[in-house]
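Throughout, a chain's letter reflects where its sequence line sits, starting with A, and its residues are numbered from 1.
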Protein chains: 2
Amino acid sequence: MTEPSRPQRGENLDITHKRGKPTLRTIATIAGLAVTTVSRALSDAPQISLETRQRVHRIAREIGYLPDRAAQRLKTGRTNVVAILLDPHEEVVGFTTSIMYGIAKALKETPYHLVVAPNFLSTTNAEAAEYIIRNHLADGLIFTRTEPLDARVRLLLEAGFPFICHGRTEFSTPHPYVDYDNFTFAYEATRRLIAKGRTKVAVILPPKRLTFCQHILHGFMTAVREAGIAYEVPEKVDLDTPADVLRDFVRARAAAPDAPDGFVCPGEVSALAVIGGMSDAGRTLATDYDIVAKETSRLLTQLQPKVDTIHEDLTAAGEDLGRMLLQRINNPDAEDLHLLLPPQINFPVG
Amino acid sequence: MTEPSRPQRGENLDITHKRGKPTLRTIATIAGLAVTTVSRALSDAPQISLETRQRVHRIAREIGYLPDRAAQRLKTGRTNVVAILLDPHEEVVGFTTSIMYGIAKALKETPYHLVVAPNFLSTTNAEAAEYIIRNHLADGLIFTRTEPLDARVRLLLEAGFPFICHGRTEFSTPHPYVDYDNFTFAYEATRRLIAKGRTKVAVILPPKRLTFCQHILHGFMTAVREAGIAYEVPEKVDLDTPADVLRDFVRARAAAPDAPDGFVCPGEVSALAVIGGMSDAGRTLATDYDIVAKETSRLLTQLQPKVDTIHEDLTAAGEDLGRMLLQRINNPDAEDLHLLLPPQINFPVG
DNA sequence: TCTGGGAATGAAAACGTTTTAAATTTTAAC
DNA sequence: GTTAAAATTTAAAACGTTTTCATTCCCAGA
């Protein structure tokens with residue numbers, strides 16, 4: 001004769017879930033509460049007694065509960081996702097990675113995830129944005145390299161879709177942005193060249209269609225005019241020009257009698273190309289000419305320690321982008337979501 | 001007396017949804033079918049008549065229907081998400097961006113999205129993976145820079161969680177991977193130096209803990225032994241060494257009488273640092289010494305056209321990673337999910 | 001005429017959460 | 001000791017799918 005079977009350990013409490021993951025019901029069963037109450041308690045609703053709230057939080061922690069994103073998203077209509085438009089073009093070393101890293105940092109303690117939406121999903125980069133809006137694939141959008149009348153900005157403003165961009169525009173409607181103070185960068189860079197005694201300065205501009213091209217030009221020209229110094233703005237090359245083409249251009253230019261002896265370079269690779277071109281022409285950095293470059297990684301100063309640099313912290317920018325986008329998402333009327341990050345000047349005492 | 005109000009246009013069909021987005025019910029109402037049938041028709045179930053299937057597809061297309069990811073995810077338990085562990089360390093220019101771009105390309109026509117899971121979510125990089133598994137935040141995981149007994153691989157294998165990595169391991173259990181043939185890279189690079197008449201070759205190795213360090217060393221040593229040539233393997237520096245430190249090291253080394261006159265550099269920045277160091281020591285590239293470098297962007301050849309390079313296509317690798325991970329997700333028994341990408345040799349005819 | 005069976009469609013439940021509205025308990029006031 | 005009000009808690013519906021099971025329809029075979 002065998003013993004009559006008894007309830008196994010834990011059999012009386014039906015807290016094991018189909019897929020094995022604890023849910024609100026698991027907690028409700030353990031706590032002897034309704035699912036509703038548990039949901040409320042976890043979101044710290046004021047009408048739930050403090051004692052219950054604490055107890056529910058404790059249980060949740062103990063069994064490793066984590067809310068199901070799909071269910072939340074289905075119910076609330078919020079995706080808890082922030083998307084970034086990935087630009088295949090990367091003129092700055094580690095540009096995208098640094099920004100993404102910063103965004104991820106800002107999202108760290110929030111329920112938000114970062115998803116990557118490559119631009120090639122569509123022919124124009126505004127179409128990628130449209131796709132995301134139309135199908136509500138994210139709660140907010142981040143992108144970089146703005147143009148004065150950026151099609152993405154226009155679209156997102158019209159749709160009232162939360163976004164923030166790295167770079168400014170010229171729309172009359174204000175919108176959130178984080179930008180680097182490229183005016184001051186160019187102004188200080190140019191002044192540094194002048195202070196070092198250079199007699200003719202040149203600047204490698206970003207592509208003309210980008211907003212910050214004007215900022216750089218403006219900063220450069222302001223310093224030039226203040227000092228009444230000779231200058232030149234090459235038309236045939238820009239920051240996106242392949243390094244070898246830029247190098248050849250600089251070499252050819254250096255051979256002429258009225259060649260510039262000071263360069264403002266808003267990118268590390270272009271700075272290296274300029275140095276290469278000048279070197280091809282027999283000119284020595286810091287002796288025959290000088291460069292002030294924008295530095296976003298350690299690359300340039302590691303390779304050419306003699307270059308004066310002004311730093312742009314892209315990870316910090318990413319962090320601000322993430323933080324401010326969340327503000328915009330959670331409070332559509334939030335104002336002053338504008339940030340102009342100051343250049344960090346690294347000139348040695350010399 | 002006013003006209004009695006009539007049904008407005010479209011008022012008779014209740015196809016407008018709360019959130020405005022068309023759902024299965026919208027299509028069902030239009031087609032005069034049940035939601036079930038519509039769902040089936042859209043997934044091309046054989047028991048639905050061909051005519052109905054076509055009709056439903058057509059309506060869906062016309063009203064711009066897109067399935068709600070949250071609802072699908074909730075119901076099926078599949079996230080339709082692929083995650084990539086973002087490594088803050090980026091020794092190769094554009095490494096992460098290129099790979100991500102390739103992955104996104106592979107995911108393009110699929111329902112999958114790419115989300116970025118930064119490693120700093122946790123202290124060790126295995127913890128980030130664990131977090132993703134435990135809370136089922138993705139259907140599959142991608143990561144790079146493997147170690148022979150990589151903790152992430154061990155964890156994921158034990159959990160039976162779909163993943164693929166860039167780089168191999170030494171686990172006896174096979175697992176999906178995409179890797180670059182670094183043995184052949186190093187072997188061919190070394191042979192090139194020898195063919196050019198160099199008499200003592202050196203290699204800058206990756207950090208020792210990474211699997212591909214051994215592959216490079218092996219390829220290098222094989223070529224060295226075949227030729228019976230002098231060689232050296234610097235212990236104090238590696239690919240992750242800051243460029244200025246590496247440069248100083250090379251300069252110091254070049255000053256000694258038994259300095260190498262041929263370098264294998266598996267990274268572009270380190271190649272530039274070596275060139276810088278040799279230049280500091282008064283040595284001229286292609287005359288006094290040679291370099292064969294791994295090239296993953298256009299950076300190196302643009303700046304130093306005289307360097308022999310062997311190309312590694314990281315975007316292609318990303319595309320393979322994405323494609324093969326989807327295979328693994330959809331068929332857990334899929335075999336031969338291994339890919340060793342061949343080096344693309346760019347030596348000029350000289 | 002009836003029956004069985006295949007082809008096509010449909011009803012209803014479920015995934016795990018949030019939210020509206022209602023029910024219950026406790027406290028305070030008389 | 002009522003009773004109204006305040007403080008908690010709960011039931012039930014809903015978000016948009018997928019899936020199990022049932023139903024309808026039509027026709028072949030008896």
Side-chain angles (χ1 to χ4, degrees), chain A residues 14-57 59-60 63-81 111 135-137 139, chain B residues 14-57 59-60 63-81 111 135-137 139:
Chain A
D14 178 24
I15 60 171
T16 48
H17 182 269
K18 273 188 186 174
R19 289 177 191 160
K21 252 180 51 177
T23 75
L24 285 185
R25 232 188 54 215
T26 320
I27 302 179
T29 312
I30 295 177
L33 291 167
V35 170
T36 309
T37 313
V38 175
S39 171
R40 287 250 171 67
L42 286 178
S43 55
D44 279 314
Q47 70 245 47
I48 303 293
S49 73
L50 185 62
E51 191 221 324
T52 304
R53 267 187 275 169
Q54 290 175 335
R55 195 159 56 95
V56 167
H57 273 294
I59 297 176
I63 67 176
Y65 168 79
L66 218 86
D68 185 295
R69 295 174 64 82
Q72 285 183 316
R73 178 168 169 176
L74 177 58
K75 186 60 192 153
T76 64
R78 311 190 65 180
T79 63
N80 281 351
V81 158
N135 303 111
H136 199 70
L137 262 27
D139 296 332
Chain B
D14 177 24
I15 58 171
T16 47
H17 183 268
K18 274 188 188 174
R19 288 176 191 161
K21 253 180 50 177
T23 74
L24 286 185
R25 232 187 54 216
T26 320
I27 302 179
T29 311
I30 295 177
L33 291 168
V35 170
T36 310
T37 311
V38 175
S39 172
R40 287 246 172 70
L42 285 178
S43 55
D44 278 314
Q47 70 245 48
I48 303 295
S49 72
L50 185 61
E51 191 222 325
T52 303
R53 268 187 275 169
Q54 290 175 337
R55 193 159 57 97
V56 168
H57 273 295
I59 297 176
I63 68 177
Y65 168 79
L66 217 86
D68 185 295
R69 295 174 63 82
Q72 285 184 316
R73 178 167 169 176
L74 176 59
K75 185 61 190 154
T76 63
R78 311 191 66 179
T79 63
N80 281 350
V81 157
N135 303 113
H136 197 69
L137 262 29
D139 297 332

Please evaluate the base of C:dT20 for a donor-acceptor partner in the side chain of A:Arg40 within a cut-off of under 3.5 Å?
yes
To the nearest Å, give me how far apart CZ (A:Arg69) and C1' (D:dG16) are.
18 Å
Check whether any side-chain nitrogen or oxygen of B:Thr76 sits under 4.0 Å from OP1 or OP2 of D:dT18, and answer yes or no.
no
In whole angstrom, give the distance that lies between atom CZ of A:Arg78 and atom C1' of C:dT17.
15 Å
Pick one: which of A:Leu42, A:Val35, A:Leu33 meets side chain to side chain contact (heavy atoms under 4.5 Å, CB included) with A:Ile27?
A:Leu42
Side-chain N or O of A:Gln72 less than 4.0 angstrom from OP1 or OP2 on C:dT18?
yes
Donor-acceptor pair, A:Arg69 side chain versus A:Asn80 backbone, under 3.5 Å?
yes
Taken to the nearest whole Å, CG/B:Asp68 to P/C:dC15 is 18 Å
If only atom types and distance count, is the side chain of B:Arg55 paired as donor or acceptor with the main-chain N or O of B:Ala31 below 3.5 Å?
yes
Counting any heavy atom closer than 4.0 Å, what does A:Ala71 reach on the DNA or RNA strands: base, sugar-phosphate only, or nothing?
base
Give the rounded distance in Å between these two atoms: CZ of A:Arg53 and C1' of D:dT9.
14 Å
Taking the side chain of A:Lys75 as its heavy atoms from C-beta onward, which of D:dT18, C:dT9, C:dT18 lies nearest to it?
C:dT18
If each of B:Leu66 and B:Gln47 is mapped to the nucleotide of DNA chain D with the nearest heavy atom, which maps nearer the 5' terminus, i.e. the 5' end?
B:Leu66
Rounded distance (Å) that lies between atom P of C:dG16 and atom NZ of A:Lys21
8 Å
Kindly point out which of D:dT17, C:dT17, D:dT9 is positioned nearest to the side chain of A:Ile48?
D:dT9
C:dT9, OP1 or OP2 - any side-chain N/O from B:Ser49 closer than 4.0 Å?
yes
N/O donor-acceptor pair under 3.5 Å between A:Thr29 side chain and A:Arg25 backbone
yes
Of all the choices, D:dC15, C:dC15, C:dT17, which nucleotide is nearest to the side chain of A:Leu74 once you look at every atom?
D:dC15
Figure out the CD1/C1' separation between B:Ile27 and D:dT17, and round it to whole Å.
12 Å
So, does the side chain of B:Thr36 form a donor-acceptor pair with the base of C:dA12 at under 3.5 Å?
yes
Would you tell me if any nitrogen or oxygen in the side chain of B:Ser39 comes within less than 4.0 Å of OP1 or OP2 on D:dT19?
no
Tell me: CD1 of B:Ile63 to P of D:dG16, nearest whole Å?
13 Å
Side-chain donor/acceptor of B:His136 to backbone N/O of B:Thr79, under 3.5 Å
no
Given atom CG of B:Leu42 and atom P of D:dT19, what is their separation to the nearest angstrom?
14 Å
Check every strand shown and say whether A:Ser43 touches a base, only sugar-phosphate, or nothing at a heavy-atom separation below 4.0 Å.
nothing
